[in-house]
Amino acid sequence: MKRVAIIDYQLCNLDSIARAVEACGGQSVKTNAPADLETADLLILPGVGHFGAAMDNLEALGLVDAIRGQAEAGKPLMGICLGMQMLAQRSAEADGRMGLGLIPGEVVRLKEHAGERVPHMGWNAVDPVGEEPLLNGVAPGADFYFVHSYHFVPENAAHVAATTPYCGRFNAIVRDGAVMGTQFHPEKSQTVGFALLRNFLGIEPKALAA
Amino acid sequence: MLKIRIIPTLLHKDVGLVKGVRFASDRRVGSALQAIKVYNRRGVDELAFFDITASVDGRSPDLALIDELADECFMPLTVGGGVRSLGDVQALLGVGADKVALNSAIIENETLISDAAMKHGVQCVVAVIDVKREGEGWRVFSHCGQRATGLDPVEWAQRCEKLGAGEIILQSIDQDGTMEGYDLEITRRVCEAVSVPVIASGGAGNYEHVAQACIEGKASAAAAASIYTFTEMTPREAKQHLREKGLPVRL
């Protein structure tokens with residue numbers, strides 16, 4: 001059974017992610033101890049809240065270097081929602097503040113087109129760009145649950161793994177090797193969300209080392 | 001395309017769920033945990049849970065109860081009732097609420113909206129606005145409809161958005177529990193005045209009412225209680241009806 005460390009930086013509830021991971025056949029541990037990140041097979045960086053407050057907490061808990069170290073060593077890491085945004089180098093939500101910098105790019109506010117509302121809240125389509133392992137067995141265009149006002153724009157278009165048709169189309173999944181992120185919440189996306197989590201649980205570090 | 005959300009509302013009072021008419025004469029309708037388990041199986045879009053007497057009784061949210069419910073809830077959950085401080089917001093998010101609904105407290109202390117948005121992000125801050133028709137217009141009421149605030153709902157909705165509310169639940173006290181349809185006029189006015197999503201609430205009695213809340217009322221989502229509690233009608237069939245009307249839904 002894969003051991004998944006769900007990184008707890010004390011800003012949001014992790015119970016639903018932990019329960020979803022367990023329902024998908026993983027073993028979850030909610031932790032902020034760097035040693036647990038080292039022994040885990042996979043890492044999830046969850047996130048709800050404000051980019052600045054979240055980075056403050058990660059820094060205060062001494063997790064920034066620990067997460068970077070594990071990711072650079074090739075351990076699969078999935079950011080969810082704000083957790084995905086924190087993979088970026090900087091965010092407009094916190095005056096251009098530095099993120100983890102694991103995928104080059106920045107986080108900017110969604111720009112609504114006529115008739116659209118921000119925050120982008122609710123169920124929307126996720127369209128894969130090429131072969132995306134997280135979406136194995138999930139129908140292209142399946143609806144996942146989103147709740148956010150900002151989105152991640154990678155510098156390198158090759159890091160965009162799926163997009164969503166809203167605000168001119170934004171990036172729903174980003175990936176650079178074993179570092180990946182979903183702007184939606186798989187743990188709240190019912191059947192398709194659980195399929196994605198099972199795909200994540202099946203990811204081997206080597207399989208993605210480019 | 002973003003889908004219209006259909007949101008069953010669970011109203012909690014004392015030890016179980018209730019449903020009334022015009023914010024009064026409640027009938028007992030079972031337990032929240034049971035309801036959540038049923039809605040999980042049905043793949044409902046989202047749930048709203050309100051402890052309707054907390055503010056009236058001056059109680060804080062029942063964190064142990066919310067914790068238990070959130071653990072069973074594999075769909076997004078908005079929780080409201082008795083939320084008076086930033087500490088309450090933090091505690092509710094801490095036990096598993098995805099969004100926190102603010103109502104009576106923000107009438108007296110509107111900075112609670114901005115404080116919560118700054119700390120936790122606008123996406124989890126929901127302003128609930130309870131409205132009643134008065135003469136030619138509408139007025140906002142607090143404390144489960146018991147206190148007149150004198151506020152104009154359109155202006156108050158804009159103020160809530162400006163302070164950092166990421167969503168608005170607009171509830172018509174006049175229509176609540178009547179099953180005669182949403183108050184489409186005030187729903188549309190509020191939707192046109194703000195750019196955050198608005199959830200229409202109060203009055204749904206059939207699927208066409210739900211469709212009209214989204215078409216004429218321009219709401220992003222439609223919440224309802226009686227229709228899903230007292231009839232055979234289901235959120236899924238409501239969405240099928242919406243699809244037939246050309247509205248985007250998740251089925």
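All heavy atoms count here, side chains included; hydrogens, waters and symmetry mates do not. Throughout, protein chains are lettered first and strands after them, A, B, ... in sequence-line order, and every chain is numbered starting at 1. Keep in mind that this is a model prediction, so the values were computed, not measured.
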Note to self: Strictly less than 4.5 Å between heavy atoms, which residues of residues 36-47 of chain B line up against chain A? Please order them by number.
What the structure shows: B:G43, B:V44, B:D45, B:E46
Notebook entry, point to check: Which residues, numbered in order, of residues 118-130 of chain B come under 4.5 angstrom of chain A by heavy-atom distance?
Noted result: B:M118, B:K119, B:H120, B:G121, B:V122, B:Q123
Notebook entry, point to check: Is it the side chain or the backbone of B:L2 that comes within 4.5 Å of chain A heavy atoms, both, or neither?
Noted result: both
Checklist line | Which portion of A:F194 sits near chain B, non-hydrogen atoms under 4.5 angstrom | finding: side chain
Using a 4.5 angstrom heavy-atom cutoff, name the option from [options] with the most pairs to chain B.
options                       : answer
A:E116, A:M121, A:E187, A:H50 : A:M121
A:H120, A:Q10, A:H148         : A:H120
A:V48, A:V118, A:T164, A:T191 : A:V118

Next item on the list: Heavy atoms only, distances under 4.5 angstrom: which of B:Q90, B:E167, B:R5 has the most pairs with chain A? Name it, please.
Entry: B:R5
Checklist line | Steps toward side chain to side chain contact (heavy atoms under 4.5 Å, CB included) verdict (A:Y145, B:M75) | finding: CA-CA 9 Å; A:Y145 188 80; B:M75 59 213 131; over 6 Å; no
Quick one: side chains of residues 125-133 of chain A, donor-acceptor pairs under 3.5 Å with protein atoms, not counting sequence neighbours, listed by atom name and distance.
from	atom 1	to	atom 2	distance (Å)
A:D127	OD2	A:R169	NH1	3.0
A:D127	OD2	A:R169	NH2	3.4
A:E132	OE1	A:R175	NE	3.0
A:E132	OE2	A:L134	N	3.0
A:E132	OE2	A:R175	NE	3.4
A:E132	OE2	A:R175	NH2	2.6

Next item on the list: Determine whether A:E112 and B:S195 make a side-chain contact, defined as any pair of heavy atoms from C-beta on separated by less than 4.5 Å.
Entry: yes
Next item on the list: Flag the pair B:C73 / A:S16 as yes when at least one side-chain heavy-atom distance between them is below 4.5 Å, and no otherwise.
Entry: no
Notebook entry, point to check: Do other residues, nucleotides or ligands put more than 12 heavy atoms under 6.0 Å from the NZ atom of A:K2?
Noted result: yes
Note to self: Please give me the minimum heavy-atom distance between B:P197 and A:P119, naming the atom from each residue.
What the structure shows: CG-O, 3.6 Å
Checklist line | Nearest heavy-atom neighbours spanning A:R117 and B:V194 | finding: NH1-O, 3.0 Å
Margin query: To the nearest 0.5 Å, what is the distance between NE2 on A:H185 and CG on B:D98?
Written below: 7.0 Å
Next item on the list: To the nearest 0.5 angstrom, please state how far the CG atom of A:N124 sits from the NZ atom of B:K3.
Entry: 5.0 Å
Notebook entry, point to check: In residues 82-99 of chain A, which residues are in contact with chain B at a heavy-atom separation under 4.5 Å?
Noted result: none
